[in-house]
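The first residue of the sequence shown is numbered 1, and numbering continues consecutively from there. Because only heavy atoms are used, hydrogens play no part in the values below, and waters and symmetry mates are left out as well, while side chains stay in.
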Amino acid sequence: MSAKEKEKYAGCRHKIFIASILCLFGFCLWGQEALQQKQTKSRVYLLHSDLLRKDKRIPDAQVVVGNVVFRHDSVYMFCDSAYYYDKLSSFEAFSNVRMEQGDTLFLYGDYLYYDGNTQIAEMRHNVRMENRNTTLVTDSLNYDRVYNLGYYFDGGTLMDEQNVLTSEWGQYNPGTKQAVFNYNVVLLNSQFTLLSDTLLYNTTTKIADIVGPSDIESDKNHIYSEKGTYNTQTGRALLFDRSVLTNEGKQLTGDTLLYERADGIGEAFGNIALNDTLNKNMMTGDYGYYNEQTKYAFATKRAVAIDYSQGDSLFLHGDTLMVKTFNLNTDSMYREMRAFHKVRFYRTDLQGTADSLVFSSLDSCLTMYHDPVLWNKNQQLLGEKILIYMNDSTVDWAHIINQALSVEEVDSVMYNQVSGKEMKAYFEQGQMRKTEVIGSVRLVYYPMDSDSTLIGMNVSETSQLDIYLKNQKIEKMIMSPKATGTLYPMDQIPAGADKLENFVWFDYIRPMHKNDIFEWKSKKTEDVLKKNVRGPVKLPNQDLFKKGK
């Protein structure tokens with residue numbers, strides 16, 4: 001760009017800047033003129049008094065007594081006596097003071113100073129402002145006629161047919177019906193009490209706007225919020241910024257809360273948490289729902305159920321989590337927590353996966369459905385259905401029904417395996433202590449000597465097997481009736497004999513930490529649940545075995 005062009009460009013910018021300043025100045029003048037037009041000076045007229053006299057002690061005023069009436073524009077003011085400052089277009093009114101603006105606004109008090117130039121009325125002592133169905137009571141009130149705004153600064157109470165509000169400082173606009181309250185705000189309603197430091201309230205809509213730390217308390221619940229709206233007439237609340245709804249020990253929190261007091265229904269959106277502080281468990285997710293009346297709740301979208309009643313918390317994920325309460329308000333009341341689909345859970349001592357899951361407080365039983373798998377340390381349990389019975393949030397015993405399979409990892413290539421129709425595993429302090437296998441029992445087992453040296457591999461069949469474990473290692477086994485089988489030396493194990501026909505090791509779908517529960521991992525096609533078909537035990541030499549028999 002040439003020097004001449006730069007000079008021309010700078011000149012244009014200067015002109016635009018000057019034009020902008022002039023426009024801004026014009027707007028300011030227009031705004032000031034508009035305000036001046038609104039504040040057009042008019043005289044305050046004395047319309048009536050029974051007596052008018054001068055008092056040397058008040059040289060600038062006329063003393064008027066008895067049935068005094070003033071008018072300023074369309075406003076009429078009444079009192080028993082007054083000092084009338086004619087030149088200043090103002091007056092002081094005493095006793096039985098009343099101010100009427102149209103047929104909608106009435107202001108009462110014991111003393112009034114009214115300035116006709118500023119159009120501000122300063123009412124003192126036993127002050128009452130009435131605007132249709134709204135009454136404001138205080139000891140000191142200033143009313144600005146220009147802005148149609150009354151405000152108090154030494155404590156006051158605003159009442160309508162729905163609520164009573166008190167605060168140390170407040171203001172009320174009779175035109176918009178909007179009120180602002182500050183410092184020790186209390187809203188009293190027949191259904192609840194709202195406590196706040198700052199509150200906006202509309203006497204027409206009955207809606208309170210929460211703009212600071214606020215508590216809404218009732219006989220049944222408590223709401224804490226720092227931002228939101230609350231319809232005091234319908235009981236509908238829309239709350240933001242991690243507001244909390246508490247009901248009988250249950251806390252619903254979310255980025256946004258929608259609450260219907262009449263129905264007792266709360267909905268939470270965004271990073272929600274439904275926390276049961278009594279039973280020490282909670283549900284989290286991106287959406288949550290809770291019904292106070294039916295005690296029904298559910299969470300979805302990265303939903304997690306967390307049990308933190310023990311030192312080690314359990315984290316359970318499913319596409320949807322649901323809690324239902326049965327026999328409500330009776331001695332036989334109980335709850336069910338249901339999770340579906342793609343369920344995964346993690347605790348340091350216990351992990352599992354299933355398509356769906358149900359936990360009932362009736363018998364403290366957790367039931368896993370559709371290809372369930374359960375892990376404890378180096379132990380894996382699976383079957384068509386797994387029932388886990390809890391005792392104070394710790395596993396008491398587990399029942400595997402149909403096609404039961406237990407696999408214990410000895411090392412990366414060797415596994416102790418037991419299969420049967422059903423299996424019962426008993427736990428002590430988070431560790432499996434005993435396992436009962438019932439019906440069509442088949443076994444592949446690596447016994448060890450006292451120094452943990454492998455003796456060989458045992459393959460057996462029986463009708464029932466009891467396995468006792470210590471420190472996650474097999475201590476002894478009892479078979480009934482006596483098992484048919486053989487013990488292979490480690491260097492003479494036939495190919496394929498080291499795995500049961502229904503053997504599968506699902507380490508690749510096992511949840512490894514609490515965040516891993518969100519990653520659903522499908523089973524390989526070749527690892528689907530295989531039926532446990534009982535067949536002849538493979539021995540090194542069947543003829544020798546028969547002769548020995």
Side-chain angles (χ1 to χ4, degrees), residues 35 38-39 75 77 90 92-93 97-99 101 104-115 117-190 192-217 223-233 237 239-241 243:
L35 182 60
K38 192 171 183 180
Q39 291 180 318
V75 178
M77 289 157 278
S90 61
E92 291 182 80
V97 181
R98 183 173 85 256
M99 177 177 172
Q101 183 170 286
T104 60
L105 182 64
F106 301 89
L107 187 58
Y108 304 89
D110 295 339
Y111 168 84
L112 169 66
Y113 174 76
Y114 182 79
D115 189 329
N117 297 312
T118 63
Q119 301 187 51
I120 293 178
E122 299 178 4
M123 190 74 81
R124 301 292 184 264
H125 310 306
N126 302 312
V127 180
R128 187 173 81 257
M129 174 187 277
E130 294 183 356
N131 177 229
R132 296 191 184 278
N133 62 344
T134 302
T135 301
L136 194 160
V137 178
T138 183
D139 201 56
S140 298
L141 178 76
N142 290 354
Y143 174 63
D144 189 327
R145 290 188 54 233
V146 175
Y147 294 100
N148 195 18
L149 188 68
Y151 56 93
Y152 59 88
F153 37 83
D154 196 23
T157 301
L158 185 142
M159 299 169 282
D160 59 21
E161 67 273 36
Q162 193 76 31
N163 304 295
V164 177
L165 299 101
T166 61
S167 66
E168 294 182 18
W169 185 96
Q171 67 180 40
Y172 175 69
N173 188 314
T176 63
K177 315 301 181 185
Q178 191 69 30
V180 180
F181 303 92
N182 292 97
Y183 312 118
N184 298 320
V185 183
V186 179
L187 187 157
L188 293 176
N189 182 283
S190 59
F192 64 90
T193 299
L194 191 157
L195 307 174
S196 181
D197 197 56
T198 303
L199 190 72
L200 311 181
Y201 176 73
N202 190 285
T203 59
T204 299
T205 63
K206 315 302 181 189
I207 293 177
D209 291 307
I210 298 168
V211 293
S214 303
D215 295 276
I216 306 174
E217 301 176 350
I223 296 174
Y224 174 82
S225 180
E226 297 183 7
K227 183 180 179 181
T229 61
Y230 189 84
N231 191 317
T232 64
Q233 194 166 18
L239 310 170
F240 307 96
D241 294 353
S243 299

Report yes if some heavy atom in the side chain of Asp209 is under 4.5 Å from a heavy atom in the side chain of Ile207; otherwise report no.
-> yes
Who pairs with Asn173 by side chain to side chain contact (heavy atoms under 4.5 Å, CB included), at least two apart in sequence or on another chain?
-> Asn148, Leu149, Thr176
Nearest 0.5 Å, what's the CD-CG distance between Glu122 and Asp144?
-> 10.5 Å
Any chance you could measure Tyr143, atom OH, to Met99, atom CE, to the nearest 0.5 Å?
-> 6.0 Å
Pair Lys177-Asn131, side chain to side chain contact (heavy atoms under 4.5 Å, CB included): steps then yes or no = CA-CA 9 Å; Lys177 315 301 181 185; Asn131 177 229; 2.8 Å; yes
Pairwise distance CE(Met123) to OG(Ser140) - rounded to 0.5 angstrom | 11.5 Å
Would you mind reporting whether Val75 and Tyr114 have side-chain heavy atoms less than 4.5 Å apart?
-> no
Is there side-chain contact between Leu187 and Phe181, with heavy atoms separated by less than 4.5 Å?
-> no
Is there a donor in the side chain of Tyr201 and an acceptor in the side chain of Asp160, or the other way round, less than 3.5 Å apart?
-> yes
If every non-hydrogen atom of Ser214 is compared with every non-hydrogen atom of Ser196, which pair is closest and at what distance?
-> OG-OG, 2.8 Å
Are any non-hydrogen side-chain atoms of Met159 and Asn133 less than 4.5 angstrom apart?
-> no
Determine, step by step, whether Asp154 and Thr138 satisfy the side chain to side chain contact (heavy atoms under 4.5 Å, CB included) criterion, reporting the C-alpha distance in whole Å, the side-chain angles of both residues, the deciding distance to 0.1 Å, and the verdict.
-> CA-CA 8 Å; Asp154 196 23; Thr138 183; 5.7 Å; no
Looking at OH of Tyr151 and CE of Met129, how far apart are the two atoms once the value is rounded to the nearest 0.5 Å?
-> 11.0 Å
What residues, two or more places apart in sequence or in another chain, satisfy side chain to side chain contact (heavy atoms under 4.5 Å, CB included) together with Glu130?
-> Phe106, Tyr108, Arg128, Thr135
Audit row: Arg124, Asn142, side chain to side chain contact (heavy atoms under 4.5 Å, CB included) steps and yes/no | CA-CA 9 Å; Arg124 301 292 184 264; Asn142 290 354; 3.0 Å; yes
For residues Val97 and Met77, determine if any side-chain heavy atom of one lies less than 4.5 Å from a side-chain heavy atom of the other.
-> no
Does Asp139 reach the side chain of Tyr152, with side-chain heavy atoms less than 4.5 Å apart?
-> no
Intermediate values then yes/no, side chain to side chain contact (heavy atoms under 4.5 Å, CB included), Ile223 and Phe192 = CA-CA 10 Å; Ile223 296 174; Phe192 64 90; over 6 Å; no
Gly228 and Phe240: which non-hydrogen atoms are nearest, and at how many Å?
-> CA-CD1, 3.9 Å
Which residues pass the side chain to side chain contact (heavy atoms under 4.5 Å, CB included) test with Gln233, sequence neighbours left out?
-> Gln162, Lys206, Asn231
Indicate yes or no: at least one non-hydrogen side-chain atom of Leu199 is less than 4.5 angstrom from one of Ile210.
-> yes
Asn163 and Thr232 side chains, donor-acceptor separation under 3.5 Å | yes
Got a second to check how far Leu112's CG is from Arg98's CZ, nearest 0.5 Å?
-> 12.5 Å
For Glu226 and Ser243, work out which heavy atoms get closest and say how close.
-> N-OG, 4.4 Å
What are the two closest heavy atoms between Pro174 and Leu105, and how far apart are they?
-> CG-CD1, 3.9 Å
Sub-4.5 Å side-chain heavy-atom contact between Thr157 and Val164 = yes
